[in-house]
Enquirer: 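Mind looking over this structure? Questions follow.
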There are 2 protein chains.
Amino acid sequence: MPDPSPSSRAKLLDVAEQLFASRGYAAIGVSAVAGAAGLGKSSLFHHFPSKADLYATVLVRVVERIEGQVLPALVAIGDPAHTLDRVVAAIIDVLAEHPTSARLLLRSVFEDDDEDVIAASAASGVNERIAAILDKVSAVIEDGVAAGVFRPVSVPDLLQTVVGATVFHFASGDFGEALFRAPIFSAEAIARRKRELQILLQQGLAPAVRP
Amino acid sequence: MPDPSPSSRAKLLDVAEQLFASRGYAAIGVSAVAGAAGLGKSSLFHHFPSKADLYATVLVRVVERIEGQVLPALVAIGDPAHTLDRVVAAIIDVLAEHPTSARLLLRSVFEDDDEDVIAASAASGVNERIAAILDKVSAVIEDGVAAGVFRPVSVPDLLQTVVGATVFHFASGDFGEALFRAPIFSAEAIARRKRELQILLQQGLAPAVRP
DNA sequence: ACCTTACCCGACCGATCGGTCGGTCAGCAA
DNA sequence: TTGCTGACCGACCGATCGGTCGGGTAAGGT
């Protein structure tokens, strides 16, 4: 019991985020969510009009957290190489802060969901907000290529690689921990992940030295 | 209609792979699978003892396809840099060949599934077979570091990056296609993906030039 | 002709799904 | 006290879930 009275609605959002992240939308029933929040199923429908709406609200919360941490890193200060470093660090930080974020994002990306779910999440505009962030990251890479601090690359490919290397990593859960034989979300693991990815990108994107 | 009479059982596996990949285990009912295969629900249970067993069988088929293509690339011929190139190409080829593979893999990795599903897939040993492949990839990287053709890296981190950059990419579906504004599984897109990732890795892993 | 076997189906089972409904209860303003 | 309101719940709804059962049908062996 961490909080005395987290307003029930917030508690529902918390447990729903946790449950949806671990087992997916279809596998989690509304009574399971309500029960985990210490409420009856009917009380859940007092706070949210439908299961799909609850899920969409959870997604919006996650996207807002990401925006709050990644957008500040995207203001163009310093050369694109430093900006990219900051962005990668920000993405890793925000995904590491809430272990559920990466999984939820991953699911929302490649889950051809239930019809009312895609309707609800489309109405909340989460996809567009994610796309907006990625567009800005693309712009940073393009700037770097144009300025000659990065070698020419396929920007969408690099973006996919960065997203895969960050989101997938923190979404990998038991699989990742089995691979590392150590926790993924420890402070050292997070710092190492940041360092390894930044070095790989900086060195892998360096322009060819012209003799 | 590719095949005149694919033995019903194979047809069931095909449509189940497609459906499970697109919407996940919990979201797909057995009657939907059977119906898509042109059969009644009862007929599905004539071929498979349970839904979980059907899913596990689908997973095994996917893992076998991957083994068949990636393991040959892992025989140590040439230096580790070339081997890694071959492995990356093999992974991309096998994931691109069947658009369902990457999604199924991703789900099996981070889906804290239903209890009988984890039991069935544990009995089929798919996790161990995936782990065995990744262990061999790890060995290649370690050899490269030991031989000095790669700079020192955190091997699990690099492995996570490679898996994320390949599996996530081909599992991203509509999201990825929206990002590229072009199909992901076209021959050109696959070739480009291969090239971009190989260059990024080779250059990013090159040891520092000693003055 | 008979029996077996493989394959398939419709009807049905209990459980659970998302969601509704009527109503209880505490707090608060008048 | 009275009346109202937001939070909450138990009981219930039709639909669908995974799975069972008995029976039907065609092929093949003897």
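As a basis for the values below, the full set of heavy atoms in this structure was taken, side chains included, without hydrogen atoms, waters or symmetry mates. In what follows, every chain begins at residue 1, and chains take the letters A, B, ... in the order their sequences are listed.
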Enquirer: Give the rounded distance in Å between these two atoms: NE2 of His47(A) and C1' of dC9(D).
Expert: 12 Å

Enquirer: Answer with base, sugar-phosphate or nothing: what part of the nucleic acid does Leu44(A) contact at a heavy-atom distance below 4.0 Å?
Expert: nothing

Enquirer: Quick one: which of dC21(D), dC21(C), dC8(C) gets closest to the side chain of Ser42(B)?
Expert: dC21(D)

Enquirer: Given atom CD of Glu115(B) and atom C1' of dA15(C), what is their separation to the nearest angstrom?
Expert: 16 Å

Enquirer: Starting at atom CG of Asp114(A), determine the distance to atom P of dG19(C), rounded to an integer number of angstrom.
Expert: 9 Å

Enquirer: Just N and O in the side chain of Ser31(B): are any of them under 4.0 Å from OP1 or OP2 of dT16(D)?
Expert: no

Enquirer: Taking only side-chain nitrogens and oxygens of Ser43(A), does any of them come within less than 4.0 Å of OP1 or OP2 of dC9(D)?
Expert: yes

Enquirer: Return the value, rounded to whole Å, for the distance between atom NE2 of His46(B) and atom C1' of dG24(D).
Expert: 14 Å

Enquirer: Could you check how far CG of Leu12(B) sits from P of dC9(C), rounded to whole Å?
Expert: 10 Å

Enquirer: For the residue pair Lys51(B) and Phe45(B), would you count it as a cation-pi contact if the rule is NZ or CZ under 6.0 angstrom from the ring centre and within 45 degrees of the ring axis?
Expert: no

Enquirer: With a 3.5 Å cut-off and heavy atoms only, can you find an N or O donor on one side and an acceptor on the other between the side chain of Lys51(B) and the base of dG19(D)?
Expert: no

Enquirer: Could you state the interatomic distance from CG (Leu200(B)) to CG (Asp157(A)), rounded to the nearest 0.5 Å?
Expert: 10.0 Å

Enquirer: Taking atom types as they are modelled, is there a donor-acceptor pair under 3.5 Å from the base of dG18(D) to the side chain of Lys41(B)?
Expert: yes

Enquirer: Quick check: does any side chain N or O of Glu17(A) sit under 3.5 Å from a backbone N or O of Val58(A), one acting as donor and the other as acceptor?
Expert: no

Enquirer: Return the value, rounded to whole Å, for the distance between atom CD1 of Ile28(A) and atom P of dT16(C).
Expert: 14 Å

Enquirer: For the pair made of CZ in Phe48(A) and C1' in dG18(C), what is the distance, rounded to whole Å?
Expert: 16 Å

Enquirer: From CZ of Phe45(A) over to P of dC13(D), roughly how many Å is that when rounded to an integer?
Expert: 17 Å

Enquirer: Any side-chain donor paired with an acceptor under 3.5 Å for Gln202(B) and Asp85(B)?
Expert: yes

Enquirer: Of the nucleotides dA7(D), dC9(D), dG19(C), which one has an atom closest to the side chain of Ser50(A)?
Expert: dG19(C)

Enquirer: Kindly indicate, with the supporting measurements, whether the criterion salt bridge (Lys or Arg N to Asp or Glu O under 4.0 Å) is fulfilled by Arg9(B) and Asp14(B).
Expert: CA-CA 9 Å; Arg9(B) 186 189 144 97; Asp14(B) 285 341; over 6 Å; no

